[in-house]
> 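Submitted below is the structure of interest, expressed as structure tokens.
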Amino acid sequence: MTQSFGKSIRHKTYIAVPREKVFDTITTARGWNSFFTNGLEMDPVPGGKIVWRWKNWGPDFNNLESPGKVIDIRRPGLFVFEWGSRHPTTITIKLSSQYGGTVIDLTEDGYLDTAEDRAMILECAAGWGEALTLLKFFLEHGIIYSRPLRS
């Protein structure tokens, strides 16, 4: 049996809006599809299904889909879910009211010590940084990622 990689993805950021607004955005398909995904489906209850989708995303027009499920959800401060098809990882998002806004503490655990998972942890670490930055710009300023047009 393959051993755990023993490393986690960790991101922490501040968003200058109430945590209820952050929570309502990250626990709904409409919320995620507003700033980061397109076509995401989510049943926001423990055991509920999530289908993450990106269609023609970024300058390479990537099409990605990943299944997942909600593990725990407690308004307004906790959202835990799994994603991945072959070996799911667990993402824990904790929201705390601080500094007149919200501090988001995101951790992703469960990577195995394989070449594939070591490559994936690098990709997802960058992706979560992008997602939290886009979430911040969206909630604080209404800025939405501009998708390139095919020529």
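Each residue takes its place number in the sequence, starting with 1. Side-chain atoms are counted along with the backbone in the values below, which use heavy atoms only and exclude waters and symmetry mates.
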> State, yes or no, whether a side-chain contact exists between Ile93 and Ile104 at a heavy-atom distance under 4.5 Å.
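With C-beta onward as the side chain, the pair touches.
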
> Does one hydrophobic cluster hold both Phe137 and Ile144, with members joined at side-chain heavy-atom distances below 4.5 Å?
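Each belongs to a different hydrophobic cluster.
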
> Just how far is it from atom NZ of Lys21 to atom CD1 of Ile26, taken to the nearest 0.5 Å?
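With rounding to 0.5 Å, NZ (Lys21) is 14.0 Å from CD1 (Ile26).
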
> Salt bridge check: are Lys69 and Asp43 linked by an N-O gap of less than 4.0 Å?
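No, Lys69 and Asp43 are not salt-bridged.
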
> Rounded to the nearest 0.5 Å, how far does CG of Leu132 lie from CD1 of Ile15?
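So the gap between those two atoms works out to 7.0 Å.
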
> Using a distance-only test with no angle check, is there a side-chain donor-acceptor pair under 3.5 angstrom linking Arg53 and Thr37?
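Distance-only check fails for Arg53 and Thr37.
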
> Does Leu40 share a hydrophobic cluster with Trp57, counting links as ILVMFWY side-chain heavy atoms below 4.5 Å and allowing steps through other members?
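Yes, Leu40 connects to Trp57 through the hydrophobic network.
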
> Under 4.5 Å between any side-chain heavy atoms of Ile9 and Tyr111, yes or no?
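Yes, close enough: below the 4.5 Å cut-off.
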
> Are Val22 and Ile143 co-members of a hydrophobic cluster defined by side-chain heavy atoms under 4.5 Å apart?
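No: no chain of side-chain contacts under 4.5 Å links Ile143 to Val22.
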
> Of the options Thr102, Ile73, Thr28, which is the one that meets Phe23 in a side-chain contact (heavy atoms from CB on, under 4.5 Å)?
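Option passing the side-chain contact (heavy atoms from CB on, under 4.5 Å) with Phe23: Ile73.
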
> Indicate yes or no: does Arg86 engage Glu116 in a salt bridge with an N to O separation below 4.0 Å.
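A salt bridge links Arg86 with Glu116.
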
> Donor-acceptor pair, distance only, cut-off 3.5 Å: does the side chain of Glu140 make one with the backbone of Ala16?
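Looks like yes, one N/O pair under 3.5 Å.
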
> Are Phe79 and Ile71 side-chain neighbours, meaning at least one heavy-atom pair lies under 4.5 Å?
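Not touching, per the 4.5 Å side-chain cut-off.
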
> Does the side chain of Glu108 come within less than 4.5 Å of Ser8's, by heavy atoms?
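Sidechains of Glu108 and Ser8: no contact.
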
> What about Leu122 and Leu112, same hydrophobic cluster or not, with Ile/Leu/Val/Met/Phe/Trp/Tyr joined at side-chain heavy-atom distances under 4.5 Å?
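The answer is no; the residues belong to distinct hydrophobic clusters.
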
> Taking atom CG of Asn33 and atom CD of Glu41, what is their separation to the nearest 0.5 Å?
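Asn33 CG to Glu41 CD: 9.0 Å, rounded to 0.5 Å.
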
> Quick one: do Asp109 and Lys7 make a salt bridge, cutoff under 4.0 Å?
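No salt bridge links Asp109 with Lys7.
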
> Look up atom CG in Leu106 and atom NZ in Lys94, then write down how far apart they are to the nearest 0.5 Å.
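The distance works out to 11.0 Å.
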
> Can you tell whether the side chains of Glu65 and Lys55 come within less than 4.0 Å, N to carboxylate O?
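Result for this pair is no, no salt bridge flagged.
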
> Using only atom types and a distance under 3.5 Å, with no angle test, would you say the side chain of His87 pairs donor to acceptor with the backbone of Gly110?
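Yes: the side chain of His87 pairs with the backbone of Gly110.
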
> Kindly confirm or rule out a cation-pi arrangement of Arg150 over Phe61, judged by NZ or CZ under 6.0 Å from the six-membered ring centre and within 45° of its axis?
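Geometry flag: set, cation within 6.0 Å and 45°.
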
> Could you check if a side-chain atom of Lys12 sits within less than 4.5 angstrom of a side-chain atom of Val103, using non-hydrogen atoms only?
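Lys12 reaches Val103 side chain to side chain.
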
> Quick one: closest heavy-atom pair of Tyr14 and Gly100, and the distance?
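Distance-wise, the nearest heavy atoms are OH-C, 3.8 Å.
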
> Would you call Asp72 and Thr92 a side-chain contact if the rule is heavy atoms closer than 4.5 Å?
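Not in contact.
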
> For the pair Trp54 (side chain) and Phe36 (backbone), establish whether a donor and an acceptor sit closer than 3.5 Å, ignoring hydrogens and angles.
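Yes.
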
> Are more than 12 heavy atoms from other residues, nucleotides or ligands located less than 6.0 Å from atom CZ of Phe5?
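For Phe5, atom CZ is crowded (more than 12 foreign heavy atoms under 6.0 Å).
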
> Contact between Phe35 and Thr25 at the side-chain level, heavy atoms closer than 4.5 Å - yes or no?
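They are in contact (side-chain heavy atoms under 4.5 Å apart), so the answer is yes.
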
> Looking at every heavy atom in both Ser66 and Gly84, which two are closest together, and how far apart are they?
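So the two residues come closest at OG-N, 3.3 Å.
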
> For the atom pair CG (Asp24) and CZ (Arg19), what is the distance rounded to the nearest 0.5 Å?
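So the CG of Asp24 and the CZ of Arg19 are separated by 11.5 Å.
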
> Can you hop from Met42 to Leu134 via hydrophobic side chains spaced under 4.5 Å?
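Yes, because Met42 and Leu134 connect within a single hydrophobic cluster, where side-chain heavy atoms sit under 4.5 Å apart.
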
> Using 0.5 Å steps for rounding, measure from the SG atom of Cys124 to the NE2 atom of His11.
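Rounded to the nearest 0.5 Å, the SG-NE2 separation comes out at 9.5 Å.
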
> Is it the case that the ring center of Trp83 lies less than 6.0 angstrom away from the ring center of Trp128?
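For Trp128 and Trp83, the ring centres are under 6.0 Å apart.
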
> More than 12 heavy atoms of other residues, nucleotides or ligands under 6.0 Å from CZ of Arg118: is that the case?
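More than 12 within 6.0 Å, yes.
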
> Ignoring hydrogens and geometry, is there a side-chain-to-backbone donor-acceptor pair from Ser4 to Gly6 under 3.5 Å?
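Yes.
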
> Do Trp32 and Phe138 have their ring centres less than 6.0 Å from each other?
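Between Phe138 and Trp32, which both carry aromatic rings, the centre distance is not below 6.0 Å.
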
> Set out, in order, the CA-CA distance, both residues' side-chain angles and the distance that settles side-chain contact (heavy atoms from CB on, under 4.5 Å) for Asn63 and Asn56, then state yes or no.
CA-CA 5 Å; Asn63 291 296; Asn56 294 314; 3.8 Å; yes

> For the pair Val70 and Val80, evaluate side-chain contact (heavy atoms from CB on, under 4.5 Å) and give the outcome as yes or no after the intermediate values.
CA-CA 6 Å; Val70 176; Val80 182; over 6 Å; no

